[in-house]
Amino acid sequence: MNSTIAQLKTRFEQALVSAFGTGYAGTDPMLVPASNPKFGDYQSNVALSLAKPLGQPPRAIAEQLVQHLDISDFCEPATIAGPGFINLAWKSDYLEAELRKMQTDTRLGVDMVKASKRVIVDFSSPNIAKEMHVGHLRSTIIGDSIARILEFQGHDVLRLNHVGDWGTQFGMLITYLREVAPQVLTTADAVDLGDLVAFYKKAKQRFDEDELFKEASRQEVVKLQSGDEESRRAWELLCEQSRREFQIIYDRLDIHLNERGESFYNPLLPGVVEDLERAGLLVEDNGAKCVFLEGFTNKDGNPLPLIIQKSDGGYNYATTDLAAIRYRINQDEAERLVYVTDAGQANHFAQVFQVARRAGWLPDTVEVIHVPFGLVKGEDGKKLKTRSGETVRLRDLLDEAIARAHFDLEVRLKEEHRQETTEFIDHVAQTVGVGAVKYADLSQNRTSDYVFSYDKMLALQGNTAPYMLYAYVRIQGISRKGGIDFNNLTVETAPIAELSSPPSAKPDSSNAIEHTLIELPPAGTAASQFGLNWQPLLTTVLANWKSIALTGLGIYGSIIFIQALLGLFHGINSVPLAQPLFELVGIWATVQFAMKRLLFARDRAELFAEFQAFWHGTVDQLAETADLNSNRPVVALLPKSASLPDIAPLHHTLEPVTLEALPISLQEETELALAKHLLQLNHILSTVETDLLPNRLCQYLFELSQKFNQFYDRCPVLQADEPLRTSRLVLCDLTARTLKLGLSLLGIPVLERM
RNA sequence: GGGCUCUUAGCUCAGUGGAUAGAGCAAUCGCCUUCUAAGCGAUCGGUCACAGGUUCGAAUCCUGUAGAGCCCGCCA
């Protein structure tokens with residue numbers, strides 16, 4: 001559809017020239033999506049902006065423009081509205097053709113970029129001396145999603161984990177450990193990471209309070225950075241230990257990235273200083289080597305320095321970042337450098353980028369961009385902390401989300417009288433919990449602070465991961481129920497009732513739900529004289545005796561009430577046929593009431609399934625009598641967890657058709673709305689590519705789920721007649737594939753059932 | 001003192017110079033004999049912080065004011 005919009009633009013440009021002369025060649029037709037569906041799908045605002053230069057009323061301009069406009073191959077005739085808006089609406093046969101193209105495309109119509117770029121996404125970047133905590137959440141999730149989106153568009157992405165494994169913090173830690181627990185520096189895993197974090201905190205405290213300790217720490221950094229054997233060994237042990245811990249978190253989040261920590265750039269640091277000196281940018285101030293910045297001033301209004309080398313000879317993170325920029329441009333040959341870090345570092349990056357630019361290290365062909373994000377706040381509006389005021393560990397945060405998802409799921413299973421395996425429940429809770437954490441983060445505009453709330457992110461309604469996962473599950477429900485293989489859609493002719501054929505079951509690939517063969521008793525055995533198993537029915541009756549008794553009382557009461565009414569209106573008895581009519585109405589109302597009570601007392605689906613089983617049994621028995629199916633057991637492939645057999649799908653005679661010929665017809669309003677939305681995926685992804693705002697994709701997926709649910713509500717799929725049935729199945733399939741793709745670009749897997 | 005970001009419905013937030021500023025949650029009211037109601041529909045809710053300016057047109061761009069958050073010489 002992107003190419004169509006490009007074509008529309010060209011047509012408008014041509015019309016502008018033929019209407020108003022070559023002076024208007026290259027005028028932007030100002031094509032934008034319609035601000036309101038009632039105005040159509042697209043609109044041009046160009047007539048309004050030309051009012052002044054042309055000296056004509058905008059409506060008149062719009063009319064002339066429309067006369068010269070030929071867009072009949074994909075749009076309805078353009079209309080002029082309001083002060084001079086030109087409104088456009090897609091033709092439905094154009095939309096149908098586009099959907100057909102999308103259906104056959106594994107990329108769902110999303111273009112590969114024409115000029116693939118080498119992009120570095122620098123994200124996550126935890127500090128080696130600490131455990132991963134809530135502060136790393138956003139960088140990790142947002143960075144991963146950005147990387148996934150750029151990769152999908154065909155860019156060559158290098159995901160870099162710029163871990164904090166260098167600098168003063170290590171000086172502090174090593175100095176402190178040497179004092180209190182020297183074995184940690186020489187023996188692998190002498191303490192666990194939690195203790196290391198405790199040591200780090202104490203070291204930091206000492207560093208802030210004790211001048212002597214501070215000096216020793218700085219000396220330690222210099223030793224480490226100059227390659228001292230013993231310091232180096234201690235450092236390696238510490239890094240190795242926390243690296244393993246990080247990996248556990250990354251595995252849980254399904255995030256892959258290449259570690260290239262600050263230490264990697266250590267050998268390049270002297271070169272940075274030399275080259276800055278050569279460029280004449282370096283100034284010595286109080287013993288430190290600095291670059292004075294343009295546009296940054298201190299309290300007295302003097303230029304602020306960026307410290308490149310400290311007075312003790314050590315280097316700062318600014319130096320490392322400068323070295324990294326050079327390496328990434330020269331050795332990695334990256335054309336776009338994306339830094340996903342918190343908004344608090346905006347100054348730092350602006351400064352570093354400025355110095356790199358002034359030093360001539362940043363060619364015009366390279367884009368460096370800081371992608372900032374806001375703080376994670378608690379529901380009290382302050383920085384998120386545990387109840388005891390500690391920083392929240394990432395593993396605890398994920399555990400909590402999963403535990404809550406687990407609890408919610410079990411409550412619901414109980415309410416719905418569903419039985420599921422532990423594996424199923426764990427898998428769903430895991431996916432929903434982690435997905436909810438990711439989605440909540442990504443769905444918010446990253447630039448603002450974000451309020452973390454388990455209740456909101458796990459809510460089943462609203463713009464949340466569970467809502468979207470549910471929309472996907474609904475579609476899988478359709479395919480299961482109808483035995484639909486979306487990969488192999490065919491147009492089906494009139495159904496033939498062939499009830500005893502084994503049902504085809506769709507393999508459950510992403511979910512790995514266990515299936516098991518359930519052998520039903522052969523038709524005609526004593527256990528099922530009429531194919532009906534009495535035992536569960538008896539259990540039902542016993543379990544629901546209260547409801548049944550109430551129903552009975554209701555029926556009896558109704559009869560008495562009707563009789564009383566009839567008595568009251570005794571006179572009417574003389575009217576012919578009045579009495580039987582009243583009785584009929586009474587009985588009908590009573591039956592309705594009874595049905596309703598019964599149906600609430602017992603899950604409808606199960607009752608329906610029992611009825612089906614009864615029906616099957618009867619048909620089998622009849623078939624056996626006719627010697628068509630003798631001694632053939634009924635075998636059904638079912639999820640292990642299913643308590644009752646699924647209903648065998650109707651089998652149809654199949655007439656394969658080419659995908660291009662798949663009937664797609666968009667008639668209902670919800671079908672059209674869904675179709676139009678599906679076709680916007682490509683456009684949305686290209687906006688995310690430039691703005692690096694994954695919340696745009698979230699918004700799109702949420703609206704897609706809403707539009708699907710509206711469609712689902714109003715348009716029966718499986719019960720529809722052909723060719724409408726297949727047309728709707730195509731819409732279902734495209735929605736499912738779009739959701740799956742979209743969520744995967746956010747780093748969230750889908751579920752087949754939940 | 002300087003810099004950056006922000007201020008939109010009761011709450012959490014979208015919003016790309018364009019028509020009557022949108023969602024979700026909460027509240028109120030409907031819709032299950034129908035593919036999972038974890039759904040759908042309806043109602044209620046606005047001085048887009050404030051004041052100027054630019055523009056045919058401003059929540060959006062510019063200036064100022066007020067408020068909030070973050071950052072600011074040898075931590076990263």
Side-chain angles (χ1 to χ4, degrees), chain A residues 30 32-36 39 43 45 48-49 51-52 58 81-85 125 127 164 166-169 172 204 207-208 218 262 285-290 295-301 304-312 314 316-318 320-321 342-348 350-351 372 374-375 377 408-409 412 416 418 443-445 447-451 453 455-456 459-464 466-467 469-471 473-482 592 595-596 599-600 604-605 607-608 687 691 695-696 698-699 702-703 706 709-710 712-714 716-719 732 753-754:
Chain A
M30 302 175 80
V32 286
S35 57
N36 186 319
F39 300 135
Q43 66 182 53
N45 304 325
L48 295 156
S49 67
K52 210 167 193 184
F85 297 104
S125 309
N127 191 321
W166 212 236
T168 311
Q169 47 176 343
M172 291 181 223
K204 169 87 176 137
F207 185 85
D208 292 338
R218 285 188 181 145
E262 294 173 337
D285 191 70
N286 288 330
K289 290 178 177 167
C290 322
F296 295 89
T297 51
N298 64 14
K299 286 169 193 155
D300 312 320
L304 209 63
L306 184 72
I307 294 172
I308 303 297
Q309 188 166 22
K310 297 187 279 186
S311 48
D312 62 11
N316 270 343
Y317 76 137
T320 310
D321 281 339
D342 69 279
Q345 296 194 47
N347 267 341
H348 165 71
Q351 295 168 359
L375 279 176
K377 295 192 296 188
D408 289 350
L409 180 63
R412 219 182 88 242
E416 297 179 4
R418 278 171 59 187
S443 60
Q444 206 113 150
N445 185 321
T447 53
S448 45
D449 289 352
Y450 133 73
V451 177
S453 159
D455 288 337
K456 280 191 175 144
L460 310 165
Q461 48 281 113
N463 189 2
T464 64
Y467 178 87
L469 290 171
Y470 178 60
V473 161
R474 281 186 135 179
I475 302 173
Q476 300 317 303
I478 291 177
S479 89
R480 265 196 309 279
K481 197 89 173 187
Q592 281 265 322
M595 281 297 287
K596 226 171 181 173
L599 289 171
F600 270 113
R604 262 182 300 280
L607 265 188
F608 186 62
T687 64
D691 302 341
N695 64 307
R696 297 256 162 87
C698 294
Q699 188 68 28
F702 175 55
E703 283 168 13
Q706 277 185 317
N709 277 330
Q710 287 158 1
Y712 181 94
D713 222 47
R714 277 169 227 173
V717 178
L718 293 174
Q719 290 97 325
C732 287
R753 293 196 306 123
M754 63 192 283

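Computed from a predicted structure; not experimentally measured. Convention: sequence-line order gives letters A, B, ...; per-chain numbering from 1.
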K.L.:
Picking from B:rA76, B:rC13, B:rG24, which would you name as closest to the side chain of A:Glu262?
P.N.:
B:rA76
K.L.:
Please tell me if A:Asn463 has a side-chain N or O lying less than 4.0 Å from either OP1 or OP2 of B:rC13.
P.N.:
no
K.L.:
In Å, rounded to the nearest 0.5 Å, how long is the span from CG of A:Asn463 to SG of A:Cys698?
P.N.:
7.0 Å
K.L.:
Pairs counted as Watson-Crick or G-U wobble with both distances under 3.5 Å: what dot-bracket string results for RNA chain B, using | for bases tied to another strand?
P.N.:
(((((((..((((....[...)))).(((((.......))))).....(((((..]....))))))))))))....
K.L.:
I'd like a list of close polar pairs between nucleotides 3-7 of chain B and the protein, N/O only, cut-off under 3.5 Å.
P.N.:
residue, atom, partner, partner atom, Å
B:rG3, O2', A:Asn347, OD1, 3.4

K.L.:
Determine the minimum heavy-atom distance between A:Pro83 and A:Leu48, stating which atoms define it.
P.N.:
CB-CD2, 3.8 Å
K.L.:
Measure from the ring centre of A:Phe702 to the centre of the six-membered ring in the base of B:rA23, then say whether that distance is under 5.5 Å and the planes meet at under 30°.
P.N.:
no
K.L.:
Both A:Leu460 and A:Gly287 contact RNA chain B. Taking the nearest nucleotide for each, which residue is further toward the 5' end?
P.N.:
A:Leu460
K.L.:
I'd like a list of close polar pairs between nucleotides 53-56 of chain B and the protein, N/O only, cut-off under 3.5 Å.
P.N.:
residue, atom, partner, partner atom, Å
B:rC56, OP1, A:Lys52, NZ, 2.5
B:rC56, OP2, A:Lys52, NZ, 3.3

K.L.:
Please determine whether a side-chain nitrogen or oxygen atom of A:Asn36 lies at a distance below 4.0 Å from atom OP1 or OP2 of B:rU20.
P.N.:
no
K.L.:
So, is A:Tyr467 near the phosphate of B:rA23, with a side-chain N or O under 4.0 Å from OP1 or OP2?
P.N.:
no
K.L.:
Could you check whether A:Val451 gets within reach of a base, just the sugar-phosphate, or nothing at all, counting any heavy atom under 4.0 Å?
P.N.:
sugar-phosphate
K.L.:
Please state the C1' separation for the pair B:rG22 and B:rG64 - nearest whole angstrom.
P.N.:
30 Å
K.L.:
So, OP1 or OP2 of B:rC25: does either fall under 4.0 Å of a side-chain N or O from A:Gln461?
P.N.:
no
K.L.:
Distance check, rounded to the nearest 0.5 Å: A:Asp449 atom CG versus A:Lys377 atom NZ?
P.N.:
4.5 Å
K.L.:
Under a 4.5 Å cut-off applied to non-hydrogen side-chain atoms, are A:Lys204 and A:Met172 in contact?
P.N.:
yes
K.L.:
Rounded to the nearest 0.5 Å, what separation is found between the CD atom of A:Gln351 and the CG atom of A:Leu304?
P.N.:
6.0 Å
K.L.:
Judged by each residue's nearest nucleotide on RNA chain B, which is more toward the 5′ side, A:Gly167 or A:Asp285?
P.N.:
A:Asp285
K.L.:
From C-beta outward on A:Lys481, which listed nucleotide comes closest to its side chain: B:rA37, B:rC35, B:rA14?
P.N.:
B:rC35
K.L.:
Which pairs, protein N/O on one side and nucleotides 66-69 of chain B N/O on the other, fall under 3.5 Å?
P.N.:
none

K.L.:
What distance do A:Asn709 atom CG and A:Arg714 atom CZ have between them, rounded to the nearest 0.5 Å?
P.N.:
11.0 Å
K.L.:
Look at the side chain of A:Phe85 and decide which nucleotide, out of B:rG39, B:rA19, B:rC75, has an atom nearest to it.
P.N.:
B:rA19
K.L.:
Can a side chain N or O of A:Asn45 be found less than 4.0 Å away from OP1 or OP2 on B:rA19?
P.N.:
no
K.L.:
Does a nitrogen or oxygen in the side chain of A:Gln444 sit under 4.0 Å from OP1 or OP2 of B:rC13?
P.N.:
yes
K.L.:
When the C1' atoms of B:rG30 and B:rA37 are considered, how many whole Å apart are they?
P.N.:
13 Å
K.L.:
From B:rA23, B:rG73, B:rC35, pick the nucleotide closest to the side chain of A:Leu718?
P.N.:
B:rC35
K.L.:
Residues in side-chain contact (heavy atoms from CB on, under 4.5 Å) with A:Gln706, at least two apart?
P.N.:
A:Tyr467, A:Phe702, A:Glu703
K.L.:
How is A:Val473 classified with respect to the nucleic acid when contacts are heavy atoms under 4.0 Å: base, sugar-phosphate, or nothing?
P.N.:
base
K.L.:
If the C1' atom of B:rU8 is compared with that of B:rU60, how far apart are they to the nearest Å?
P.N.:
12 Å
K.L.:
Under the salt bridge (charged side-chain N to carboxylate O under 4.0 Å, His left out) test, which residues partner A:Arg474, sequence neighbours left out?
P.N.:
none
K.L.:
If you check the A:Ala81 side chain, which of B:rA19, B:rG39, B:rU16 turns out closest?
P.N.:
B:rA19
K.L.:
From B:rG39, B:rG18, B:rG73, pick the nucleotide closest to the side chain of A:Asp713?
P.N.:
B:rG39
K.L.:
Between A:Phe85 and A:Asn45, is a side-chain contact (heavy atoms from CB on, under 4.5 Å) present by the stated rule, with each step listed?
P.N.:
CA-CA 5 Å; A:Phe85 297 104; A:Asn45 304 325; 3.2 Å; yes
K.L.:
Check every strand shown and say whether A:Gly344 touches a base, only sugar-phosphate, or nothing at a heavy-atom separation below 4.0 Å.
P.N.:
sugar-phosphate
K.L.:
Suppose we screen for side-chain hydrogen bond (donor to acceptor under 3.5 Å, both in side chains). Which residues come up paired with A:Ser49, at least two apart in sequence or across chains?
P.N.:
none
K.L.:
Could you give the distance from CD1 (A:Ile308) to CG (A:Leu306), rounded to the nearest 0.5 Å?
P.N.:
4.5 Å
K.L.:
Taking only residues two or more places apart in sequence or in another chain, which ones pass ring-ring contact (aromatic ring centres under 6.0 Å, His included) with A:Phe296?
P.N.:
none
K.L.:
For atom P, what is the distance between B:rA58 and B:rU20, given to the nearest Å?
P.N.:
11 Å
K.L.:
Ignoring the backbone of A:Tyr712, work out which of B:rA14, B:rC35, B:rG24 is nearest its side chain.
P.N.:
B:rC35
K.L.:
Which nucleotide wins on minimum distance to the side chain of A:Arg714, given the candidates B:rG18, B:rG41, B:rA19?
P.N.:
B:rG41
K.L.:
Can a donor-acceptor pair be found, under 3.5 Å and without considering hydrogens, that links the side chain of A:Thr464 to the backbone of A:Ala459?
P.N.:
yes
K.L.:
From the list B:rA37, B:rA23, B:rA19, which nucleotide is the closest neighbour of the side chain of A:Gln706?
P.N.:
B:rA23
K.L.:
Mind checking the C1' distance from B:rU33 to B:rC29? Whole angstroms is fine.
P.N.:
24 Å
K.L.:
For B:rG41 versus B:rC48, give the span between their P atoms, rounded off to a whole number of Å.
P.N.:
28 Å
K.L.:
Which of these nucleotides, B:rC11, B:rA19, B:rA76, is closest to any side-chain atom of A:Lys456?
P.N.:
B:rC11
K.L.:
Would you classify B:rC6 as syn or anti? Syn applies when the glycosidic angle is within 90° of 0.
P.N.:
anti
K.L.:
Under 4.0 Å between a side-chain N or O of A:Thr168 and OP1 or OP2 of B:rC75?
P.N.:
yes
K.L.:
For nucleotides B:rG45 and B:rC25, find the distance between their C1' atoms and express it as a whole number of Å.
P.N.:
13 Å
K.L.:
With sequence neighbours left out, what residues match A:Asn695 under side-chain contact (heavy atoms from CB on, under 4.5 Å)?
P.N.:
A:Asn445, A:Leu693
K.L.:
Give one of base, sugar-phosphate or nothing for A:Asn445, where a contact means two heavy atoms less than 4.0 Å apart.
P.N.:
sugar-phosphate
K.L.:
Taking the C1' atom of each, how far is B:rG67 from B:rU43, in whole Å?
P.N.:
35 Å
K.L.:
Just to verify, what does A:Ala346 make a side-chain contact (heavy atoms from CB on, under 4.5 Å) with, not counting sequence neighbours?
P.N.:
A:His370
K.L.:
Who are the side-chain hydrogen bond (donor to acceptor under 3.5 Å, both in side chains) partners of A:Asn316, not counting sequence neighbours?
P.N.:
none
K.L.:
Which residues satisfy the side-chain contact (heavy atoms from CB on, under 4.5 Å) test with A:Asp713, sequence neighbours excluded?
P.N.:
none
